[in-house]
Amino acid sequence: MKTFLNLIAAGLLSLSGSTSIAQTITLSVNKPQAAVQPTMWGIFFEDINFSADGGIYAELVKNRSFEFSQPLMGWKETGKRGAGNILIVNRGNEHPANPRFAHVTVQAGDSSYGMVNEGFRGMGFKKDARYNFSFLARNTEGSPTGKLILVDENGANIGEATIPSPGKEWKQYTASVTASRTVAKGGLKLLFSGNGSLDIDMVSLFPEDTWKQRPGGLRNDLVQLLADLHPGFVRFPGGCIVEGRDLANRYQWKKTVGKIEDRTLIVNRWNTEFAHRAPGDYFQSYGLGFYEYFQLSEDIGAAPLPILNCGMACQFNTGEVAADDDMSQYIQDAIDLIEFANGSTDTKWGKLRAEMGHPKPFDLKMIGVGNEQWDSQYIARYQRFEQELKSKHPEIKLVSSVGPFSSGERFEYLWSKLRPSKADFVDEHYYMPPEWFLKNSNRYDKYDRKGPKIFAGEYAAHIKVSKENDKEQGETRNTWESALAEAAFMTGLERNADVVQMSSYAPLLAHVEAWQWRPDLIWFDNLRSVGTPNYYVQQLFANNKGTHTIPVTVNNLPLTGQEGVYASATIDQQNRKILLKIVNTTDQPTNYKLVLTGAVTTGNAATQQVLTAKNKGDFNSLDNPGVVKPVEQPLKAGKTNVDVSLAANSLNVITIPYK
Ligand code: AHR
């Protein structure tokens with residue numbers, strides 16, 4: 001009996017209701033600590049796993065400009081043998097950015113010759129939806145006529161329209177067509193009749209229903225999932241694609257802006273990175289280029305964070321570096337990017353932004369210098385960027401790299417050089433097992449408060465799987481176990497919001513039939529998309545961000561994993577709400593008494609959002625998207641206390657209005 005009373009006195013046990021015994025958690029509302037930055041929870045978009053072409057960029061035609069290494073990849077001739085032919089022509093001198101086009105000759109009866117595009121793992125069509133076709137074309141002989149047909153997986157017609165007959169000069173022609181049925185793996189057929197020839201290029205088909213109904217825009221469902229995260233920033237465009245396998249293969253933003261037919265396609269470095277998951281047909285058309293990334297960020301209320309190549313190719317591949325004398329062009333790219341984003345419309349790059357449709361600046365405030373670089377060659381190059389950018393654009397914050405690993409010699413070396421630098425943010429990455437995330441939830445508790453701020457730029461809990469199992473269904477590695485570990489870790493990010501001011505899960509998107517890397521936050525096919533358990537963890541934190549952290553303690557100690565329970569809390573000072581995130585990683589349900597200090601509850605409208613699953617191995621899939629989803633329930637609040645029950649293996653967001 002004595003022991004029991006002592007435990008109650010010590011706050012280790014308390015009475016909740018009539019019989020159950022609960023520990024007391026103190027929420028010190030009167031001790032606000034760090035301001036939570038608007039950028040705290042963001043997203044990282046990289047064109048990996050067919051995220052851009054074949055993904056969020058809604059273009060349905062693969063290899064629309066015949067610039068893939070095999071110029072007719074994705075296309076097949078169709079119709080009567082001998083009724084026509086296709087010749088690929090290269091006019092490199094005249095149009096170096098997009099040199100090839102198709103010269104189509106026909107001696108065909110009614111629609112008896114043509115070509116079919118297979119799309120990116122097929123084309124998704126929705127019943128009664130409209131699709132807008134366009135191509136650049138010119139007539140070179142005779143007067144062949146054409147039509148376009150949407151076809152289902154068996155080649156059956158589900159909608160057709162006449163293609164306007166082109167004149168003698170290159171010009172864009174358009175047509176539109178409605179799909180009579182929903183089809184997940186359709187295609188686009190172009191059929192020609194008559195005698196003669198025509199040249200075609202930039203053959204394109206987009207759903208009319210894109211995000212904000214923009215012609216040539218982004219896939220609605222995928223952008224909506226991103227918008228629903230209310231991200232504080234968008235980091236883009238990578239990742240390793242910024243670095244390239246070699247410097248020629250690096251991401252060059254200037255080649256991704258302006259008219260789409262003037263953007264130079266390159267092979268995506270993920271095309272061949274992993275032999276067992278090499279798609280072979282992965283290219284970057286740059287239809288989603290830097291202008292569109294800025295626009296996307298603005299649309300979803302996020303700060304843009306472009307990452308630029310720093311004169312180094314991927315060190316896992318070639319490690320090729322730019323010579324000292326060549327570095328100025330890389331730095332100039334950064335300076336010009338600031339002009340493109342923020343410059344007035346009478347500057348060269350600001351004018352281009354305006355011509356593309358956005359005279360107002362994009363309010364760029366930060367730039368990343370390199371992705372996962374390491375060793376002295378990085379520091380030397382980073383310092384050159386820092387020197388120039390900090391003198392010309394002191395208003396721009398710089399993000400620097402500490403390589404791909406969360407610790408070790410390289411990591412320590414880079415930190416030793418960056419600590420005294422003017423880097424505003426240091427970008428740490430960790431793809432580690434769930435146990436690592438649990439053990440490291442206190443990683444930032446001891447970080448230097450005066451050094452560069454932390455950007456947890458890429459992280460995800462990885463459950464080990466053999467390469468053979470990489471053939472199984474993509475979504476299966478986004479288990480509840482992985483998401484729960486990330487949730488526990490994220491309480492450590494939030495608790496340290498004075499140091500950690502940005503964070504993002506990685507990668508963001510993956511096509512179920514065309515991925516190279518998993519787990520990923522969101523999975524999709526040609527028609528559907530699904531948020532993983534990890535997505536809902538991100539969403540719960542981001543949508544309950546608050547303005548200031550407050551201490552969450554048990555017996556005067558922060559709750560950082562004692563008995564498998566992790567917690568952090570913020571208050572929203574404007575809306576007078578306490579936002580507690582509490583993660584029970586044990587297999588047992590547990591009860592707590594929350595006690596407020598320095599505030600009283602409003603007595604009603606307290607809620608508990610719960611994210612949990614029957615089994616740790618549960619995951620969401622396109623066929624079964626609702627296995628792990630948050631549910632909300634009301635909570636009874638006393639004047640200064642609230643009793644809560646935490647389900648086994650659960651993330652809970654407890655919202656308590658206070659006065
Ligand atoms: O997110 C996938 C890859 O992981 C990124 O491209 C790279 O930065 C990291 O190695």
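Both counts, for ligands and for their atoms, begin at 1 and track the order of listing.
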Checking heavy atoms under 4.0 Å, the part of Tyr505 that sits near ligand 1 is neither

### Message
For Phe340 and Trp349, take the angle between the two ring planes, folded into 0 to 90°, and tell me which bin it lands in: parallel under 30, tilted 30 to 60, perpendicular over 60.
### Response
perpendicular

Take the angle between the ring planes of Trp253 and Phe290 and call it parallel below 30°, perpendicular above 60°, tilted in between. parallel

Of Leu398, Leu305, Val399, the one forming a side-chain contact (heavy atoms from CB on, under 4.5 Å) with Phe425 is Val399

A student comparing Glu273, His429, Glu458 should find that the heavy atom closest to atom 4 (O) of ligand 1 comes from Glu458

Is it true that Glu243 and Arg250 have a side-chain N and a carboxylate O under 4.0 angstrom from each other?
-> no

Subject >> Sub-4.0 Å heavy-atom approach of Pro507 to ligand 1 >> reply: yes

Here the atoms of ligand 1 under 4.0 Å from any heavy atom belonging to Gly239 are 5 (C), 6 (O), 8 (O)

### Message
If you apply the rule side-chain hydrogen bond (donor to acceptor under 3.5 Å, both in side chains), what do you find for Lys581 with Thr570, and how did you get there?
### Response
CA-CA 9 Å; Lys581 292 88 189 177; Thr570 56; 3.2 Å; yes

for atom 6 (O) of ligand 1, nearest protein heavy atom and its distance come out as Glu46 OE1, 2.4 Å

For Trp517, the ligand 1 atoms with a heavy-atom partner under 4.0 Å come out as 2 (C), 3 (C), 4 (O)

Side-chain donor-acceptor contacts of residues 324-334 below 3.5 Å, not counting sequence neighbours, with atom names and distances?
residue	atom	partner	partner atom	Å
Gln332	NE2	Asp336	OD1	2.9
Asp333	OD1	Lys254	NZ	2.9

Ligand 1 atoms nearer than 4.0 angstrom to some heavy atom of Glu372 are 7 (C), 8 (O), 9 (C), 10 (O)

- prompt: Going through the distances and angles, do His429 and Glu372 end up as a side-chain hydrogen bond (donor to acceptor under 3.5 Å, both in side chains)?
  reply: CA-CA 8 Å; His429 295 179; Glu372 287 182 337; 2.6 Å; yes

Can you find a non-hydrogen atom of Tyr431 under 4.0 Å from ligand 1?
yes

Worksheet item: Would you say Asn371 has any N or O atom under 3.5 Å from an N or O of ligand 1, going by distance alone?
Response: yes

Trp270 heavy atoms within 4.0 Å reach ligand 1 at atoms 6 (O)

